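Whatever order the structure lists ligands and atoms in, that order sets their numbers, starting from 1. For this chain, numbers begin at 1 and follow the sequence in order. Just so it is clear, the structure is predicted and the values come from calculations on it, not from any experiment.
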Amino acid sequence: MQQLPLLLPGRFVAWGALLAFPMSSPMPSLPPPMEPQILRLLVTMVFHDTTRSADTQGTALLGDVPTHAMDCGTCPIRFHQPWACQGLSPKQWGDLEKAIHLYLVLITRTVVTVVQGTVMNFPFVIQILMGCEVLPNGTSYSFYQSTRDRHSLVRFNLDTGEWVAAPGDEMAQQVCRSFSQDQGTSSRLRFLLQKTCVAEILNFVYYGKETLKRQERPVAVVFARQPPIALELPQLLICRVTGFYPRPIRVTWLRDGEEVTPGPGLNSSGLLPNADLTYQLRIVLAVDPGAGHSYACHVEHSSLGHQGLIVYWGPGGHWAVGLAVGIAISLLAAAVLAAVLWWMRHRSTWSEQRNSMGL
Ligand SMILES: *[C@@H]1O[C@H](CO)[C@@H](O)[C@H](O)[C@H]1NC(C)=O
Ligand SMILES: *[C@@H]1O[C@H](CO)[C@@H](O)[C@H](O)[C@H]1NC(C)=O
């Protein structure tokens, strides 16, 4: 088994700079968050062959907010939020960037070396999910797991510092053995995920509070749709709620003021993301329009008051309006038809008169 040369001077200096961060006691003035906060670092590496380095991309998300990213394995860190770079000096971000670049080079080399000794076929994709969570009582935990083509590869137990291979996977065993032999990198990775990551969360929560605490009010509309096949029943009532943030929301249908309990007639789209970091949701209810019930969609969200938002639908509401509009359109059409018929009859009478006058 070939051991990778790990103590290249450049590599050592960058990690050394990282370890010299005042991170083990991150800004004593920064309190733990009011709610659990999770920072996820997602790395995707596409390996094409042994000659090229992997196509690598990395993204960091605090909860559902993208904070920073790397477009390639040697690219600079790009910030998605103006506040994401605060809390560390440009020099500290630079050192962190270097450390990450070197770590990615190390992974790439390890994987390529391992693959050369196995029957693995190119291309394949390695994904790494790592990060940490900080709880309101100040406790934190960190995680690191990886997959190859969506199958579990290796996991890093941050409590014990042990690498764990997915059972029965030859490549996983070899990668695991290679990482395990490199105690230096393992302990730096532990520092990165247990200290630097936690410090980043505290900084983000402090400097980004306006983004993280923002409240966007939902907009709700109610409309009806006939199911494509059924000729008579049921009609589908749809309540579409969009543009809200944060995520937690409760949307229910009320029949005659009573909440409709979950059942076969009730369906939800689930929470879907919008492009502007808000969310949307649709709740569909199958109803019998002839039964004379009244319906309303009830939305409860932190941006709304205690009552929430109620959008009504019912026999006294849109159906009556729809009927009135329908009747008005029919009357108008009848009037236009009558006018056209009258004009045609009189035109023929006029031409008969003109003919009989010999014009
Ligand atoms: C912090 O909270 C978590 C979850 O609520 C709990 O499991 C843990 O024991 C707590 N830690 C301390 C030190 O209180
Ligand atoms: C609920 O929605 C799913 C997905 O849109 C659909 O497949 C299913 O038929 C729906 N069920 C009902 C009762 O409308």
Side-chain angles (χ1 to χ4, degrees), residues 18-43 58-68 81 83-84 86-88 92 96 127-147 152-167 179 183 186-216 244-252 262 268 270-271 273 277-279 281 300-304 306 308:
L18 180 63
L19 291 169
F21 276 4
M23 285 282 186
S24 39
S25 53
M27 301 236 219
S29 58
L30 292 184
M34 305 285 277
E35 284 146 33
Q37 293 287 349
I38 189 161
L39 181 64
R40 290 187 185 84
L41 309 163
L42 305 152
V43 178
T59 297
L61 296 152
L62 180 68
D64 51 9
V65 179
T67 52
H68 53 295
Q81 309 289 341
W83 44 262
Q86 286 174 285
L88 290 188
Q92 286 174 318
L96 189 55
Q127 288 178 296
I128 303 167
L129 169 62
M130 54 185 153
C132 61
E133 178 167 19
V134 185
L135 303 175
N137 64 12
T139 337
S140 64
Y141 73 88
S142 306
F143 48 89
Y144 179 111
Q145 61 207 54
S146 62
T147 60
S152 184
L153 187 68
V154 295
R155 198 164 56 74
F156 188 37
N157 183 332
L158 282 134
D159 294 326
T160 62
E162 279 174 319
W163 289 93
V164 185
F179 285 173
Q183 284 304 317
S186 296
S187 64
R188 286 167 210 130
L189 189 60
R190 260 174 115 179
F191 185 90
L192 200 67
L193 294 176
Q194 292 180 325
K195 297 286 194 284
T196 313
C197 178
V198 169
E200 273 187 16
I201 287 190
L202 299 186
N203 281 331
F204 288 163
V205 168
Y206 179 74
Y207 291 106
K209 48 181 167 292
E210 277 174 25
T211 304
L212 300 170
K213 291 206 166 153
R214 80 190 211 282
Q215 294 282 328
E216 304 277 356
F244 56 90
Y245 190 91
R247 219 181 249 254
I249 196 163
R250 188 161 184 274
V251 183
T252 48
S268 166
L271 207 60
L277 202 62
T278 63
Y279 293 93
L281 181 75
E300 291 161 279
H301 187 255
S302 54
S303 65
L304 304 164
H306 285 303

If the condition is side-chain contact (heavy atoms from CB on, under 4.5 Å), which residues does P136 pass it with, not counting sequence neighbours?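 P36.
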Check whether any side-chain heavy atom of R214 sits under 4.5 Å from a side-chain heavy atom of V65, and report yes or no.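 No, side chains not in contact.
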Side-chain contact test, heavy atoms from C-beta onward, threshold under 4.5 Å: evaluate it for L62 versus Q37 and give yes or no.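 L62 vs Q37: side chains touch.
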Could you check whether atom NZ of K209 has more than 12 heavy atoms from other residues, nucleotides or ligands sitting under 6.0 Å from it?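 Atom NZ in K209 is packed in, count exceeds 12.
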For Y245, all residues meeting side chain to side chain donor-acceptor pair (under 3.5 Å), sequence neighbours excluded: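 So Y245 forms a side chain to side chain donor-acceptor pair (under 3.5 Å) with D64.
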If a pair satisfies side-chain hydrogen bond (donor to acceptor under 3.5 Å, both in side chains) and one of its residues is in residues 129-138, list it, with sequence neighbours excluded.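 Only E133-Y141, N137-T139 qualify under side-chain hydrogen bond (donor to acceptor under 3.5 Å, both in side chains).
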Identify the protein atoms, limited to N or O, that lie within less than 3.5 Å of an N or O atom of ligand 1, and list each pair with its distance to 0.1 Å.
from, atom 1, to, atom 2, distance (Å)
ligand 1, 2 (O), N137, ND2, 2.3
ligand 1, 11 (N), N137, ND2, 2.9
ligand 1, 11 (N), T139, OG1, 3.2
ligand 1, 14 (O), N137, ND2, 3.2

